[in-house]
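Before any comments, here is the structure.
Ligands are counted one by one from 1 in listed order, and the atoms in each one are counted from 1 as well. Residues take their numbers from the sequence shown, with the count starting at 1.
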Amino acid sequence: MNKIEHIGIAVKHLETSNALFAKLFGTPHYKTETVASEGVKTSFFKVGENKIELLEATTANSPIAKFLERKGEGVHHIAFDVEDIVAEIKRLQEEGFTVLNETPKRGADNKLVAFLHPKDANGVLIELCQEIK
Ligand code: ZN
């Protein structure tokens with residue numbers, strides 16, 4: 001794994017949180033993107049070298065809707081940049097991690113993504129991201 005690619009934060013109201021985090025970071029979000037297959041609308045902020053993704057549910061059975069029900073708003077996942085997502089999935093499976101997407105899927109921000117089950121990482125949802133070139 002390379003660097004942290006971004007940190008994902010689950011929010012109830014994207015518009016409200018865009019304004020809040022723009023104040024916090026001193027800079028507005030630079031894009032929003034809906035991933036219909038995941039039932040999420042996202043926005044992205046750049047903070048120096050780092051990226052923060054806000055996620056709002058667009059459907060009642062979206063993973064974000066379920067997360068908000070269970071835990072409320074807050075940090076949802078940490079995403080790591082990888083060179084070769086297929087090789088990394090294989091490596092992690094061999095290490096005993098449960099990979100939720102054995103075949104990487106298309107995520108926001110021009111990435112192939114796969115998630116690991118949080119039970120295998122002390123409750124932290126880990127996202128692997130490979131830039132689509
Ligand atoms: Zn993410």
Side-chain angles (χ1 to χ4, degrees):
M1 279 186 209
N2 300 324
K3 60 177 184 152
I4 290 178
E5 214 289 325
H6 63 270
I7 294 174
I9 298 174
V11 304
K12 285 185 187 155
H13 305 292
L14 196 61
E15 290 309 313
T16 311
S17 295
N18 279 340
L20 171 73
F21 281 89
K23 258 191 250 172
L24 179 69
F25 299 143
T27 184
H29 67 283
Y30 64 94
K31 72 166 168 179
T32 59
E33 190 175 342
T34 299
V35 185
S37 58
E38 290 298 297
V40 296
K41 189 171 174 190
T42 66
S43 64
F44 286 90
F45 290 83
K46 274 203 183 89
V47 187
E49 301 273 288
N50 302 297
K51 270 167 39 184
I52 302 291
E53 173 185 36
L54 303 184
L55 304 114
E56 173 192 67
T58 55
T59 62
N61 58 359
S62 145
I64 296 301
K66 288 175 191 156
F67 179 88
L68 289 169
E69 254 167 53
R70 278 202 326 273
K71 297 192 169 170
E73 294 178 300
V75 173
H76 176 259
H77 65 269
I78 302 177
F80 291 89
D81 179 61
V82 300
E83 283 300 315
D84 179 345
I85 196 167
V86 173
E88 197 65 4
I89 287 170
K90 186 165 178 283
R91 183 184 74 80
L92 290 164
Q93 283 176 324
E94 284 166 5
E95 293 285 3
F97 290 92
T98 305
V99 179
L100 299 173
N101 318 94
E102 294 204 28
T103 306
K105 56 186 183 171
R106 208 181 172 107
D109 204 26
N110 197 40
K111 300 279 193 288
L112 282 177
V113 304
F115 288 89
L116 305 187
H117 199 293
K119 76 172 162 52
D120 295 337
N122 290 163
V124 179
L125 179 60
I126 305 284
E127 176 183 4
L128 308 176
C129 302
Q130 180 190 331
E131 177 116 43
I132 299 170
K133 284 169 187 157

- Item | Close side-chain approach of F67 to L55, heavy-atom, < 4.5 Å | no
- Query: Given side chains that start at C-beta, do those of E88 and L92 come closer than 4.5 Å, heavy atoms only?
  - Reply: yes
- Task: Starting from the C-alpha separation in whole Å, work towards a yes-or-no answer on side chain to side chain contact (heavy atoms under 4.5 Å, CB included) for E56 and I64.
- Result: CA-CA 7 Å; E56 173 192 67; I64 296 301; 5.8 Å; no
Could you tabulate the donor-acceptor pairs under 3.5 Å formed by side-chain atoms of residues 42-50, not counting sequence neighbours?
unit_1: T42; atom_1: OG1; unit_2: E33; atom_2: O; d: 2.9
unit_1: S43; atom_1: OG; unit_2: N18; atom_2: OD1; d: 2.7

- Around the Zn ion (ligand 1), list the protein N/O/S atoms within a radius below 2.8 Å, excluding water molecules.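 Counting only protein N, O or S atoms under 2.8 Å from the Zn ion (ligand 1), the list reads H6 NE2, E53 OE1, H77 NE2, E127 OE1.
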Check: residues 34-41 side-chain donor-acceptor pairs under 3.5 Å, at least two apart:
unit_1: E38; atom_1: OE1; unit_2: K105; atom_2: NZ; d: 2.9
unit_1: E38; atom_1: OE2; unit_2: K105; atom_2: NZ; d: 2.7

- For H77, ring-ring contact (aromatic ring centres under 6.0 Å, His included) partners two or more places apart: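 So H77 forms a ring-ring contact (aromatic ring centres under 6.0 Å, His included) with H6, F115.
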